[in-house]
Amino acid sequence: MKFISWNVNGLRAVCGKGFSETFATLDADFFCLQETKMQAGQLDLAFPGYQSYWNYADKKGYSGTAIYTKHTPLNVTYGLPLDIIQQMPANEWQEMNTEGRVITLEYDTFYVVTVYTPNSQDGLKRLEQRMIWDDAFRMYLLQLDQKKPVLACGDMNVAHEEIDIKNPKSNRHNAGFTDEERTKFSDLLQSGFTDTFRYFFPDQENIYSWWSYRFHAREKNAGWRIDYWLCSNRLQPQLLSAHIHTDIMGSDHCPVEVTVKL
């Protein structure tokens, strides 16, 4: 099965930039989107052979996720579950759970989760809430993993290691490359999950999934790898390939892919 994840930075905008053609060319079993920036009814975008599931933010034109799939799920859930939320400190971070950030599809032998992880924002204004979110999301994936293996994808808003960012030294304390965020991502991997791109390409440099619209960053390939497909470690023997489609335009992010024998 082929799995694609793409932060489209506004689905209505990217639809004017060849999205349907890209969707057809990639021909994925699962096509997960982040930052759709939509409300229900704003766009009628159906593809033959696919079902779609949407999680909209309460705030208009903000955040949001979606999954297109060829495979009917047993169950669909939106956001983080109440039992996880109740374990977290009472904090405004819980507003993040109203921002359309998570969709989970359950199947007989695995789960698929897409996430648009909150950005810590300029000046790290949201870093504290982000830390709590990271703990909650890790707890959630572990909860699922106790039942069956998990494939989790999305814009996770962190470049994990220096190899994952063009200018690590100058970005050391910026949102998405703070020590705190990188440590939380390490904690997630160490709890039983695999970064599928690094599984196949542990030393590959200069491959990124996001570039700022400023300073001609994409032309210079001054990017960050912040979009991922993770899987439960026990799925490693079933991983077939991973790819980052740096040639696909339309967003400031590009699609990331993993193929798994399921």
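What you see below is based on every heavy atom in this structure, not just the backbone, and it leaves out hydrogens, waters and symmetry mates.
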Please assess N7 against W210 for the test side chain to side chain donor-acceptor pair (under 3.5 Å), listing each intermediate value before the final yes or no. CA-CA 9 Å; N7 179 323; W210 174 78; over 6 Å; no
Who pairs with R182 by side chain to side chain donor-acceptor pair (under 3.5 Å), at least two apart in sequence or on another chain? none
Contact between T117 and D155 at the side-chain level, heavy atoms closer than 4.5 Å - yes or no? no
Just by distance, do the side chain of T65 and the backbone of V115 share a donor-acceptor pair under 3.5 Å? no
Residue pairs passing the ring-ring contact (aromatic ring centres under 6.0 Å, His included) test with at least one member in residues 108-133, sequence neighbours excluded, are Y107-F110
Might you point out which heavy atoms bring F177 and P168 nearest each other, and give the distance in Å? CE2-O, 3.4 Å
Test of understanding: clusters of I, L, V, M, F, W, Y form through side-chain heavy atoms closer than 4.5 Å, transitively. Do M131 and V102 belong to the same one? no
Can you name the residues that form a salt bridge (charged side-chain N to carboxylate O under 4.0 Å, His left out) with D179, not counting sequence neighbours? R172
CG of L33 to CD1 of I67, rounded to nearest 0.5 Å, is 9.0 Å
Just by modelled atom types, is the Y199 backbone N or O under 3.5 Å from a matching donor or acceptor in the Q236 side chain? no
Taking all non-hydrogen atoms of both residues, which atom of S63 and which atom of E99 are closest, and how far apart? OG-O, 2.6 Å
Check whether any side-chain N or O of T98 sits under 3.5 Å from a backbone N or O of E95 as a donor-acceptor pair, and report yes or no. yes
Apply side chain to side chain donor-acceptor pair (under 3.5 Å) to N171 and K166, showing your working. CA-CA 9 Å; N171 282 295; K166 184 68 172 181; over 6 Å; no
Using the rule that two of Ile, Leu, Val, Met, Phe, Trp, Tyr join whenever any of their side-chain heavy atoms come within less than 4.5 Å, decide whether Y78 and F30 are in one cluster. yes
Check whether the side chains of Q34 and S5 place a donor and an acceptor atom closer than 3.5 Å, and report yes or no. yes
Please check if W54 and V76 belong to a single hydrophobic cluster, counting links between Ile, Leu, Val, Met, Phe, Trp and Tyr side chain heavy atoms closer than 4.5 Å. no
Determine whether K147 and E106 satisfy the following criterion, salt bridge (charged side-chain N to carboxylate O under 4.0 Å, His left out), listing intermediate values before the conclusion. CA-CA 11 Å; K147 302 171 186 175; E106 180 182 3; over 6 Å; no
Verify side chain to side chain contact (heavy atoms under 4.5 Å, CB included) between Q51 and K70, making sure each step is shown before the conclusion. CA-CA 6 Å; Q51 305 163 51; K70 296 178 178 179; over 6 Å; no
Note, V113 side chain near L151 side chain (heavy atom, < 4.5 Å): no
Could you walk me through whether L45 and C15 pass the side chain to side chain contact (heavy atoms under 4.5 Å, CB included) check? CA-CA 9 Å; L45 187 64; C15 277; 3.7 Å; yes
A side-chain contact here means heavy atoms from C-beta on lying under 4.5 Å apart; do Q129 and P118 qualify? no
Please round to the nearest 0.5 Å and tell me the distance separating atom CZ of R138 and atom CG of L189. 11.0 Å
Name of the residue among V256, T22, L26 meeting side-chain contact (heavy atoms from CB on, under 4.5 Å) with W6: T22
May I ask you to decide whether R130 forms a salt bridge with D134, counting only side-chain N to carboxylate O separations under 4.0 Å? yes
Please step through side chain to side chain contact (heavy atoms under 4.5 Å, CB included) for the pair I244 and R225, ending with a clear verdict. CA-CA 9 Å; I244 298 179; R225 191 176 72 94; 3.7 Å; yes
With rounding to the nearest 0.5 Å, note down the distance linking NE2 in H243 to OG1 in T196. 12.5 Å
Note: A242 and F200 closest approach over all heavy atoms is CB-CD1, 3.6 Å
Is it the case that N233 and T194 place a side-chain donor and acceptor less than 3.5 Å from each other? yes
What verdict does the ring pair (Phe, Tyr, Trp, His ring centres under 6.0 Å) test give for F197 and W229, after you've listed the backbone C-alpha separation in whole Å, the side-chain angles of each residue and the deciding distance to 0.1 Å? CA-CA 7 Å; F197 181 78; W229 273 103; over 10 Å; no
Using atom types as modelled and distance alone, determine if a side-chain donor or acceptor of S212 lies under 3.5 Å from a backbone N or O of R214. yes
Please name all residues satisfying side chain to side chain donor-acceptor pair (under 3.5 Å) with K2, sequence neighbours left out, ordered by chain then number. none
Using the rule ring-ring contact (aromatic ring centres under 6.0 Å, His included), only one of F185, F193, F3 pairs with Y228; which is it? F185
Between D227 and H253, which heavy-atom pair has the shortest distance, and what is it? OD1-ND1, 2.9 Å
Verify ring pair (Phe, Tyr, Trp, His ring centres under 6.0 Å) between F23 and Y50, making sure each step is shown before the conclusion. CA-CA 11 Å; F23 187 98; Y50 286 87; 4.7 Å; yes
T178 side chain to E181 main-chain N or O, any donor-acceptor pair under 3.5 Å? yes
Any link between Y68 and L43 through a network of hydrophobic side chains (Ile, Leu, Val, Met, Phe, Trp, Tyr) touching at under 4.5 Å? yes
Kindly state each residue pair satisfying salt bridge (charged side-chain N to carboxylate O under 4.0 Å, His left out) with at least one member in residues 248-262, sequence neighbours excluded. none
Evaluate the side chain to side chain contact (heavy atoms under 4.5 Å, CB included) criterion for residues T246 and I248: first the C-alpha distance (whole Å), next the side-chain angles of each, then the deciding distance (0.1 Å), finally the verdict. CA-CA 6 Å; T246 56; I248 293 179; over 6 Å; no
Which value, rounded to the nearest 0.5 Å, describes the distance between I163 atom CD1 and I207 atom CD1? 10.0 Å
Quick note, salt bridge (charged side-chain N to carboxylate O under 4.0 Å, His left out) partners involving residues 39-63, not counting sequence neighbours, are none
Atom pair CG (D145) and OG (S191), whose distance is rounded to the nearest 0.5 Å: 8.0 Å
Taking the ring of F31 and the ring of F47, is the distance between their centroids below 6.0 Å? no
Let me see the working for E35 and K37 under salt bridge (charged side-chain N to carboxylate O under 4.0 Å, His left out), right down to the final yes or no. CA-CA 5 Å; E35 211 171 355; K37 296 183 176 179; 3.8 Å; yes
All heavy atoms of Y140 vs all of T77, minimum pair found to be OH-OG1, 3.6 Å
Give me the atom names and distance for the closest heavy-atom approach of V258 to L239. CG2-CD2, 3.9 Å
Sub-3.5 Å donor-acceptor pair from the side chain of Q42 to the main-chain atoms of Q39, do we have one? yes
Can any side-chain N or O of W224 pair as donor or acceptor with the backbone N or O of V158 at less than 3.5 Å? no
Is it true that a side-chain atom of R198 and a backbone atom of Q204 form a donor plus acceptor pair closer than 3.5 Å? yes
Side-chain (D164) to main-chain (E161) donor-acceptor, under 3.5 angstrom: yes
From E219 CD over to W211 CH2, what is the distance, rounded to the nearest 0.5 angstrom? 12.5 Å
